[in-house]
Amino acid sequence: MLRKIRIAAAAVFFTMITLLFLDFTGTLHAWFGWMARVQLLPAVLAVNVAVVAALLVLTLLFGRVYCSVICPLGVFQDVASWAGGKRRKNRFTYSRALPWLRYGMLALFVAVMVAHIKPVAELLAP
């Protein structure tokens with residue numbers, strides 16, 4: 001039951017975010033503009049501590065609800081993974097973690113955020 005609620009919420013949120021990006025008249029921004037402001041990177045770049053703290057608490061309480069419901073990229077990745085699973089079985093294989101790559105990207109992202117280089121930060125953001 002919780003899975004169905006998560007999928008329904010993700011579908012609604014993804015649809016509304018998509019409509020928000022496709023609305024050139026600005027009429028939907030009055031209704032759905034808050035969805036763009038609760039995204040992680042815009043909240044961090046705007047130094048919106050309340051949204052970042054709320055997302056952190058939400059993640060600590062409910063797990064990956066941000067990535068699977070609120071973040072459009074995470075929802076799209078879930079849909080792509082589900083669609084890929086329909087094509088073949090055992091599509092995932094184990095590979096060792098690359099900590100040098102993980103921590104290197106984290107260090108690069110933090111350095112770019114400290115240096116206030118927004119275009120590069122937006123490219124590196126998950």
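Along the sequence shown, residues are numbered consecutively beginning with 1.
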### Message
Quick one, Leu60 and Leu56 - any side-chain contact, counting heavy atoms below 4.5 Å?
### Response
yes
### Query
Is there any salt bridge (Lys or Arg N to Asp or Glu O under 4.0 Å) pair reaching into residues 43-72, and which pairs are they, with sequence neighbours excluded?
Arg64-Asp78
### Message
Give me the atom names and distance for the closest heavy-atom approach of Tyr66 to Thr59.
### Response
CB-OG1, 4.1 Å
### Query
Would Val51 and Val44 show up in the same hydrophobic cluster when neighbours are defined by side-chain heavy atoms closer than 4.5 Å?
yes
### Summary
To the nearest 0.5 Å, atom CZ of Phe14 lies from atom CG of Leu19 at 10.5 Å
### Summary
Rounded to the nearest 0.5 angstrom, the CE-CG distance for Met105 and Leu98 is 12.5 Å
#### Entry: Val75 vs Ile17 side-chain heavy atoms within contact, under 4.5 Å
no
### Message
Please tell me whether Ile7 and Val69 are part of a single hydrophobic cluster in this structure, the criterion being side-chain heavy atoms less than 4.5 Å apart.
### Response
no
### Query
How many angstroms lie between CG in Leu45 and CE in Met113, if you round to the nearest 0.5 Å?
4.5 Å
### Message
Is any side-chain heavy atom of Arg6 closer than 4.5 Å to one of Val65?
### Response
no
### Message
If hydrophobic clusters are built from ILVMFWY residues whose side chains come within less than 4.5 Å, do Leu61 and Leu58 share one?
### Response
yes
### Task
Would you give the length of the straight line joining atom OG1 of Thr18 to atom CG of Leu28, rounded to the nearest 0.5 angstrom?
11.5 Å
### Task
Would you mind reporting whether Arg37 and Asn48 have side-chain heavy atoms less than 4.5 Å apart?
no
### Task
Could you check if a side-chain atom of Val38 sits within less than 4.5 angstrom of a side-chain atom of Phe13, using non-hydrogen atoms only?
yes
### Task
May I ask you to test the Val112-Leu123 pair for a side-chain heavy-atom distance under 4.5 Å?
no
### Task
Enter the distance from Cys71:SG to Gln77:CD here, rounded to the nearest 0.5 Å.
7.5 Å
### Task
Report yes if the side chains of Pro72 and Gln39 come closer than 4.5 Å at any heavy-atom pair, otherwise no.
yes
### Message
Can you confirm whether Glu122 sits close enough to Leu41 that some side-chain heavy atom of one is under 4.5 Å from a side-chain heavy atom of the other?
### Response
yes
### Query
For the residue pair Ala10 and Ser68, what are the closest heavy atoms and their distance?
CB-O, 3.3 Å
### Message
Quick check on the hydrophobic clustering: are Phe109 and Ile117 connected, directly or via other members, by side-chain heavy-atom contacts under 4.5 Å?
### Response
yes
### Message
Going by side-chain contact (heavy atoms from CB on, under 4.5 Å), name the residues that satisfy it together with Leu20, two or more places apart in sequence or in a different chain.
### Response
His29, Phe32, Ala36
#### Entry: Verify same cluster id: Leu55, Leu106 (apolar side-chain graph, 4.5 Å)
no
